[in-house]
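Naming: A, B, ... by sequence-line order, numbering from 1 per chain. As a basis for the values below, the full set of heavy atoms in this structure was taken, side chains included, without hydrogen atoms, waters or symmetry mates.
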Amino acid sequence: MNQPYNPAEIEPAARQRWVDEQAFRAPDQPGDDAFYCLSMFPYPSGHLHMGHMRNYTIADVITRHLRMQGRAVLQPMGWDAFGLPAENAAIARGVPPAKWTRDNIAHMRGQLQDLGFAIDWQRELATCDPEYYRWNQWLFLKMLEAGIAYKKTGTVNWDPVDQTVLANEQVIDGRGWRTGAEVEKREIPMYYLAITRYADELLESLDGLEEWPERVRAMQANWIGKSTGAEVEFPHADGRLKVFTTRPDTLMGATYMAVAPEHPLARKAAETRPDVAEFIRSCATGGVSEAEIATQEKRGIDTGLTATHPLTGDELPIWIANYVLMGYGEGAVMAVPAHDERDFAFANQYGLPIRQVIASTEGEPAYDDTTWQDWYTAKENVRLVHSGAYDGLDFQAGFDAIVDALEEKGLGRRRVQFRLRDWGISRQRYWGCPIPIIHCPSCGDVPVPEDQLPVVLPEDLVPDGSGSPLARCEAFVACDCPNCGRPARRETDTMDTFVDSSWYFMRYPCSDNHEAMVDARTRAWMPVDQYIGGIEHAILHLLYARFWTKVMRDLGLVEVDEPFQRLLTQGMVLAETWYREDTNGRKTWFNPAEVDVERDAKGRMVAAVLAGDGQPVEFGGIEKMAKSKNNGVDPAVMVEQYGADTVRLFSMFAAPPEQSLEWSEAGVEGSWRFLKRLWNQIHAHLDEAPPAALAPAALDSQALDARRKVHETIKKVSDDFGRRYSFNTAIAAIMECSNVLAKYQPGDDAGRAVLREGFEALVRLLAPVTPHFSQALWQKLGHQASILEAGWPVLDENALAQQQVTLVVQVNGKVRARIEAAPDADRDQVQALALAQENVQRHLEGMTVRKVIVVPGKLVNIVVSS
RNA sequence: GCCGGGGUGGCGGAACUGGUAGACGCGCCGGACUCAAAAUCCGGUUCUGGCAACAGAGUGCGGGUUCGAUUCCCGCCCCCGGCACCA
């Protein structure tokens, strides 16, 4: 009779049923109500981690909720299979990256399947398959034709010992991760994609992405960084030094020029000045990342060269400064130390003149050239001073007058500048998509003809950390020039893995098409209705995917302007960290699963010991799950122990999807207990006499209360799943309803009909989160069809009606009483009732009532004073 | 350094449009069942004072707007994400 809840039995059975029924196959030609639900595909690192589990559970809840409403949903899965970790694994274990990657994919696919996700596995793809990456190559060639792809030099991190280019991640405190050698900046030729051509559109269409989080749109807008200003030319001995500035109004305050160490004028100065050459060399150490450059100590050197101020004719010294970036604007700035914080610090450090040219009109403290104040950069409530003919003008008038004067002399003009830079896609790495170019001694760089695609990456190489294994692979490199037929060399750089992930979502609908990159199915399914993934991708991946989509649109391959209609950025998964410190200060980290915590009578943590030896361990805070802190919890282990439904339930219940989630095994047990309780509750109900048909008119007040709770829950959960994506509160509401039904003890068939209605609703409301559990119970409740076909519970508005509502009575904003009233009671009635309350009267003694605020159905606030 | 986000009981979180702060869960305390333990069930649980009724305080810190602020505004502190070669 009383069958215990046993996920090990019901979960495989439910999954088998869905597989047999091909329940998750999405149609090739979707109808109008079809929905494309996409998760960011995983990098096949070896094991599914909690972040993946959380991501795909969120997507699965959305998918299954819509499926139950009868909509066709495409939920695909694939593998972001190229990348650095495979090469690192190869270095560590001597296994070819291809084998390591494909083994990982096989393992992780099984793990995903054990979680019961409603994925259409027929559409699976991996970016390391030639059938996928040939289309990277094909589109790259189209971009070359269109002039969107081009070649120029770029700066990389160079490890002088390993003779290899390092990723920013591989530069630790300015040194190579394996060799410890001081990293150098090096200029090498690379291929670029002209994303800046789309800068304006990428910025402007952000406004249309109304269902994206505001913060992601803000980050992207700032990243693109459109600024309006002017370019100004400063004549010098050999030409003109061009700069971009957003503050041409401060031109009269420019006291020196600063150029990047890589600027041509810097190189020229170095020819005759060994100290300048040495300074430039010293700037070439350290990594290329912006964070590193922005936080390094500001240093500079005078080149001895000068440039002429375009309006005053003054000679300004040209300095080289390490805070000027060659990659932004012109690689040179006009320094106005009085009104730019970095120039101010630099000028004070090197004793350069500071000339105030804007003054506050709003009573700010007086200008002081030794102390920086924020108003020095203000555009409002300021006027120009010490600027000759321009004195007294405000920001806009000064801007216009000065730029007009420059234009007249041909030494400047208005201009828009973007912070966004073109996308360098060349990587000096093995495990990536080969760039389809052949270098011919006579013809130069020749694109691989379309009929010779794909350029297949050899899969049997094992990198050792130095140089590029591809460059050493003669079988790959040696080829004939497609142009002249003479011996030539293949390009050995591969593409940035962001290329692979910029369009994979367009390939799922047509992953079996060997003739074309995308087809009518892609055009029918795009755009993605819902995209879900980590907030860490808020800028780069999402921006590149948007760009790539626009390029494909302009090449006539797709019709959409934007790839992702709605975006949900999930938070990270965190866990406690525990450690012991040895006498040398070295920390050993212990997994939270091995630690026992002791608590005091109030439940506060007082001590913790390692279960293995009973000796104390220290608490290291709550941090992102990571190998380095040994605080990762393996979802597979949790699934093994509690079943997929419990793990899914906990991860959706413990935090809202956009926030970080603290993993807690005690919390997982809470979810497990809830499922067990509901399971037993429903079985107890099934053991009783069968219910009568539901007859709302004949119910007593207890039955009406129970039924109202059921329908309030249907309303809340539908809204939380469908509109708010607030899964944690939906689950809380289901738990509340289950608690209410547990207390309701019907004495008759009519009451049991309310219970039956309630349980059938709860099982279906829970189905998106705990599909196996709901599938099993739905069958036990007597239904043949799959839970996916069960339909979403329907709200009965009549069941929500209430006789009485509780209102709060406040005196001066403090709650002093509660009153019951009919929901439609009028103001005067409610006010009279409120004033009559004993505790309210006590607080009115000796006071005068000034005002009474009545918020219908909610509260009464009586404002008094003495 | 720059850009973005967050901070509410012992803990995770709730409060959706300015209207009862702490739903739901964890932990903890007490009780039932048991020879005992586990499991399960019942009750309590923001803090301070009080037997209680109740009173006072309270949403990172300091100010402001409002009858009323976790919610809006100004200034600060701390933590987290991104910074173009990790994905």
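- B/C41 atom C1' lies 12 Å from atom CZ of A/R673, rounded to whole Å.
- Considering only the side chain of A/R215, B/G4 comes nearest among B/G4, B/C86, B/C67.
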Exercise for review: Between protein and nucleotides 8-16 of chain B, map the contacts as a letter string: B base, S sugar-phosphate only, - none, heavy atoms under 4.0 Å, written 5' to 3'.
Suggested key: --B-BSSSB
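- For the 3.5 Å distance criterion, the side chains of A/T806 and A/R818 fail to qualify, holding no donor opposite an acceptor.
- With sequence neighbours excluded, the residues satisfying side-chain contact (heavy atoms from CB on, under 4.5 Å) with A/R217 are A/L206, A/L209, A/W212, A/E214.
- Listed nucleotides B/A84, B/C67, B/A23 differ in distance to A/Y544; the shortest reach to its side chain belongs to B/A84.
- Within 3.5 Å, a donor on the side chain of A/R818 pairs with an acceptor on the base of B/U20, or the reverse.
- Using atom P as the reference point in both B/C79 and B/G27, the two lie 30 Å apart (nearest Å).
- A salt bridge is defined here as a Lys NZ or Arg NE, NH1 or NH2 lying under 4.0 Å from an Asp or Glu carboxylate O, and A/E290 with A/R419 meets this definition.
- Atom pair A/F418:CZ and B/C3:C1' shows a separation of 17 Å (rounding to whole Å applied).
- For A/Q220 and B/G5, the CD to P distance is 14 Å, given to the nearest whole Å.
- Using a 4.0 Å heavy-atom cutoff across all strands shown, A/M495 reaches no nucleic acid atom at all.
- To the nearest angstrom, C1' of B/G4 lies 14 Å from CG of A/L567.
- Dashed line: the shortest gap from a side-chain N or O of A/N680 to OP1 or OP2 of B/C41 is not under 4.0 Å.
- RNA chain B is contacted by A/K851, A/I853, A/V855 of residues 847-855 of chain A, taking any non-hydrogen atom closer than 4.0 Å.
- For the C1' atom pair drawn from B/G10 and B/G1, the interatomic distance equals 38 Å after rounding to whole Å.
- Ring centers of A/Y642 and A/F650: at least 6.0 Å apart, outside the cut-off.
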Review point. Run the side chain to side chain donor-acceptor pair (under 3.5 Å) check on A/W503 and A/N136 step by step: do they pass?
Key: CA-CA 9 Å; A/W503 68 281; A/N136 285 354; 2.7 Å; yes
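- Of the two residues contacting RNA chain B, namely A/K743 and A/N812, the nearest-nucleotide position lying further toward the 5' end is that of A/K743.
- Note on A/L420: a base of the nucleic acid sits closer than 4.0 angstrom, heavy atoms only.
- Of the side-chain N and O atoms in A/H843, none sit less than 4.0 angstrom from OP1 or OP2 of B/C54.
- Between the side chain of A/N222 and the base of B/C3, no donor-acceptor pair of N or O atoms lies under 3.5 Å.
- Nearest nucleotide to the side chain of A/A732, out of B/A87, B/U20, B/A23: B/A23.
- Residue A/H537 is classed as a base contact, given a heavy-atom separation below 4.0 Å to a base.
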Let me check something: any side-chain donor-acceptor pairs from residues 190-197 of chain A under 3.5 Å, sequence neighbours excluded? List them with distances.
from   : atom 1 : to     : atom 2 : distance (Å)
A/T196 : OG1    : A/D422 : OD1    : 2.6
A/R197 : NH2    : A/G147 : O      : 2.9

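- Here the side chain of A/I535 is nearest to one of B/A87, B/G81, B/G25, namely B/G81.
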**Study point:** Dot-bracket pairing map - RNA chain B, Watson-Crick plus G-U, both contacts under 3.5 Å, | cross-strand
**Key:** (((((((..(((......[....)))((((((.......))))))((((....))))..(((((..]....))))))))))))....
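- Nucleotides B/C16 and B/A23 place their C1' atoms 14 Å apart, quoted to the nearest Å.
- Note on A/V165: a base of the nucleic acid sits closer than 4.0 angstrom, heavy atoms only.
- Within 4.0 Å (heavy atoms only), A/H52 reaches no atom of the nucleic acid at all.
- Evaluation of the side-chain contact (heavy atoms from CB on, under 4.5 Å) rule for A/S651 yields A/M53, A/T57, A/L661, A/W663 as partners, not counting sequence neighbours.
- We find that CH2 of A/W679 is positioned 17 Å from P of B/C41, with the value rounded to whole Å.
- Scored by the side-chain contact (heavy atoms from CB on, under 4.5 Å) test, A/S660 finds A/L574 as partners (sequence neighbours excluded).
- In this model, the phosphate group of B/A57 is approached by a side-chain N or O of A/K814 to a distance below 4.0 Å at OP1 or OP2.
- Of the C1' atoms belonging to B/G30 and B/C78, the separation is 39 Å, rounded to the nearest Å.
- Side-chain contact between A/F653 and A/F727: absent, with no pair of heavy atoms (C-beta onward) separated by less than 4.5 Å.
- Spacing of P atoms, B/U71 relative to B/G19, comes out at 11 Å, to the nearest Å.
- Legend: residues meeting ring-ring contact (aromatic ring centres under 6.0 Å, His included) with A/H49, ordered by chain and number and at least two apart, are A/H52.
- The side chain of A/A218 has B/G4 as its nearest neighbour among B/C67, B/A23, B/G4.
- Ranking B/A55, B/C80, B/G19 by closeness to the A/M572 side chain, first place goes to B/C80.
- Within the 4.0 angstrom heavy-atom criterion, base atoms lie near A/W223.
- Qualifying ring-ring contact (aromatic ring centres under 6.0 Å, His included) partners for A/Y323, counting only residues two or more places apart in sequence or in other chains: A/F346.
- Note on A/K676: only backbone sugar-phosphate atoms sit closer than 4.0 angstrom, heavy atoms only; bases stay farther off.
- Glycosidic conformation of B/G9: syn, with the torsion inside 90° of 0.
- The ring-ring contact (aromatic ring centres under 6.0 Å, His included) test applied to A/W375 returns no partner, not counting sequence neighbours.
- B/G6 and B/G44 have their C1' atoms separated by 33 Å, given to the nearest Å.
- A/R816 has no side-chain polar atom (N or O) that falls below the 4.0 Å cut-off from OP1 or OP2 of B/U20.
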**Study point:** Residues A/S501, A/D80; criterion side chain to side chain donor-acceptor pair (under 3.5 Å); working and verdict
**Key:** CA-CA 7 Å; A/S501 56; A/D80 189 11; 4.7 Å; no
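- Sequence order on RNA chain B of the closest nucleotides to A/Y43 and A/M219 puts A/M219 first from the 5' end.
- Rounded to whole Å, the P atom of B/G62 lies 44 Å from the corresponding atom of B/U40.
- Separating the C1' atom of B/A14 from that of B/G7 is a span of 16 Å, rounded to the nearest Å.
- The side-chain contact (heavy atoms from CB on, under 4.5 Å) check on A/A86 picks up A/Y43, A/P97, A/W100, A/T101, A/W431, with sequence neighbours excluded.
- A/V808 comes within 4.0 angstrom of a base, heavy atoms only.
- A/W79 is linked by a ring-ring contact (aromatic ring centres under 6.0 Å, His included) to nothing, counting only residues two or more places apart in sequence or in another chain.
- Using a 4.0 Å heavy-atom cutoff across all strands shown, A/Q428 reaches at least one base atom of the nucleic acid.
- With rounding to whole Å, A/L543 atom CG is found 13 Å from B/C83 atom P.
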